[in-house]
Amino acid sequence: MFRKIYKVKGEDVNDYMVMQNTAYHKYTSSVFETFLFEIGYSKQKLSTLNIGVQICKEELVHHKRLMFMQNFFLYLELQNSDNNEREIHIRSRFFNVHNELCTISFTKFYWFDYYSQQITTTPKKMIKHFLI
């Protein structure tokens, strides 16, 4: 659905020069924010609507570790969920330059209404981008 190319930076790795789990989550969140921007929902627009996304669950499955200075691309896919209007399930696959699957990240986001301080449904204008 959405693809972005990156390079593993020094802040992403541990003492053994292997990309840390927190970096995988950071890239997944960053690509999702980029996706929202591409469909017309910048951070500022979401703030105006008093909504945002809140991560509630993240899971990683490693096949091959990414190393310092290694180029990789991330392929973000929206997955079906039991409750499509309130939560977003994302599968992000990380591939190295040889097109080998390195890691899969499963992330669940909720829409959060800052005004009412509660989980809310996907805005009606946005829902067409999330239904699969």
Side-chain angles (χ1 to χ4, degrees):
M1 169 177 221
F2 196 77
R3 181 180 167 178
K4 189 111 168 123
I5 298 171
Y6 292 101
K7 181 179 267 192
V8 180
K9 298 181 269 181
E11 67 228 23
D12 299 333
V13 297
N14 61 18
D15 293 341
Y16 301 103
M17 299 303 203
V18 175
M19 192 154 128
Q20 301 178 81
N21 290 351
T22 55
Y24 289 102
H25 299 309
K26 177 186 80 172
Y27 283 110
T28 297
S29 294
S30 174
V31 167
F32 184 64
E33 288 175 4
T34 302
F35 168 73
L36 288 176
F37 182 79
E38 291 283 325
I39 63 170
Y41 290 91
S42 65
K43 285 183 180 181
Q44 183 178 15
K45 186 168 184 176
L46 291 174
S47 179
T48 302
L49 296 171
N50 287 323
I51 61 168
V53 289
Q54 183 176 12
I55 298 172
C56 85
K57 184 178 176 185
E58 298 174 305
E59 179 185 338
L60 292 175
V61 177
H62 294 288
H63 296 281
K64 188 175 187 176
R65 297 290 183 150
L66 289 167
M67 305 297 288
F68 178 60
M69 295 298 291
Q70 190 174 12
N71 289 321
F72 68 94
F73 67 90
L74 189 151
Y75 187 71
L76 179 115
E77 301 171 292
L78 296 172
Q79 303 286 295
N80 283 331
S81 66
D82 296 334
N83 188 359
N84 257 338
E85 292 185 5
R86 290 194 178 264
E87 57 189 51
I88 305 159
H89 291 242
I90 294 176
R91 178 175 74 173
S92 303
R93 294 182 292 160
F94 293 77
F95 293 89
N96 62 19
V97 292
H98 305 293
N99 209 23
E100 299 169 323
L101 179 63
C102 295
T103 302
I104 302 172
S105 170
F106 298 97
T107 309
K108 184 168 35 170
F109 292 95
Y110 284 112
W111 292 105
F112 190 77
D113 184 333
Y114 293 119
Y115 183 74
S116 67
Q117 297 291 308
Q118 293 182 354
I119 294 171
T120 187
T121 59
T122 304
K124 296 207 185 306
K125 290 182 180 180
M126 225 190 246
I127 200 143
K128 67 181 176 188
H129 298 287
F130 296 102
L131 293 177
I132 300 171

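- In terms of heavy atoms, Y110 sits closest to C56 at CE1-SG, 3.1 Å.
- Taking CZ of F32 as the start and OG1 of T107 as the end, the distance is 10.0 Å to the nearest 0.5 Å.
- Side chains of W111 and T120: a donor-acceptor N/O pair is absent below 3.5 angstrom, by distance only.
- Put simply, NE2 on H62 and CZ on F94 are 9.5 Å apart, with the number rounded to the nearest 0.5 Å.
- Q70 approaches N96 most closely through the heavy-atom pair NE2-CB, 3.5 Å.
- Side-chain contact between F2 and L78 is absent, with no heavy atoms from C-beta onward closer than 4.5 Å.
- Residues F95 and M67 do not share a hydrophobic cluster, clusters being chains of Ile/Leu/Val/Met/Phe/Trp/Tyr side chains in contact below 4.5 Å.
- Counting heavy atoms from C-beta on, the side chains of L76 and I90 come closer than 4.5 Å.
- Cluster membership for F73 and V97, using ILVMFWY side-chain heavy atoms within less than 4.5 angstrom, is not shared.
- In the displayed structure, Q117 atom CD is contacted under 6.0 Å by more than 12 heavy atoms of other residues, nucleotides or ligands.
- Annotation: side chain of R65 is not in contact with side chain of M19 (no heavy-atom distance under 4.5 Å).
- Judged by distance alone, with hydrogens and angles left aside, the side-chain atoms of S47 form no donor-acceptor pair with the main-chain N or O of K43 at under 3.5 Å.
- The shortest side-chain heavy-atom distance between I55 and S29 falls under the 4.5 Å cut-off.
- Shown here is K26, whose NZ atom has more than 12 heavy atoms of other residues, nucleotides or ligands within 6.0 Å.
- Of all the heavy atoms in S105 and H25, the pair that sits closest is OG-ND1, 4.3 Å.
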Checklist entry - Can you list the steps and then say if L74 with R93 is a side-chain contact (heavy atoms from CB on, under 4.5 Å)? => result CA-CA 6 Å; L74 189 151; R93 294 182 292 160; over 6 Å; no
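- From K57, atom NZ reaches atom NZ of K108 across 6.0 Å, with rounding to the nearest 0.5 Å.
- Hydrophobic clustering keeps L60 apart from Y75 (ILVMFWY residues linked when any side-chain heavy atoms are closer than 4.5 Å, directly or through intermediates).
- Note: L66 CG to M17 CE = 14.5 Å, rounded to the nearest 0.5 Å.
- In this structure, Q44 CD and F37 CZ are separated by 10.0 Å, a value rounded to the nearest 0.5 Å.
- Residues D12 and Y27 bring a donor and an acceptor atom of their side chains to less than 3.5 Å of each other.
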Checklist entry - Between Y114 and F112, is a ring-ring contact (aromatic ring centres under 6.0 Å, His included) present by the stated rule, with each step listed? => result CA-CA 6 Å; Y114 293 119; F112 190 77; 5.6 Å; yes
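- Residues N71 and K7 share a closest heavy-atom pair of OD1-CE, 3.0 Å.
- In this structure, the separation between CZ on F109 and CD on Q54 is 10.5 Å, given to the nearest 0.5 Å.
- A donor-acceptor pair under 3.5 Å is formed between the side chain of Q20 and the backbone N or O of V13.
- Linking ILVMFWY side-chain heavy atoms closer than 4.5 Å, directly or via other members, places I88 and L49 in a single hydrophobic cluster.
- Across all their heavy atoms, F106 and R91 have their closest contact at CE2-CD, 3.7 Å.
- Residues F72 and F68 share a hydrophobic cluster, clusters being chains of Ile/Leu/Val/Met/Phe/Trp/Tyr side chains in contact below 4.5 Å.
- Counted within 6.0 Å of NZ on K4, heavy atoms from surrounding residues, nucleotides or ligands total 12 or fewer; the atom is thus considered open.
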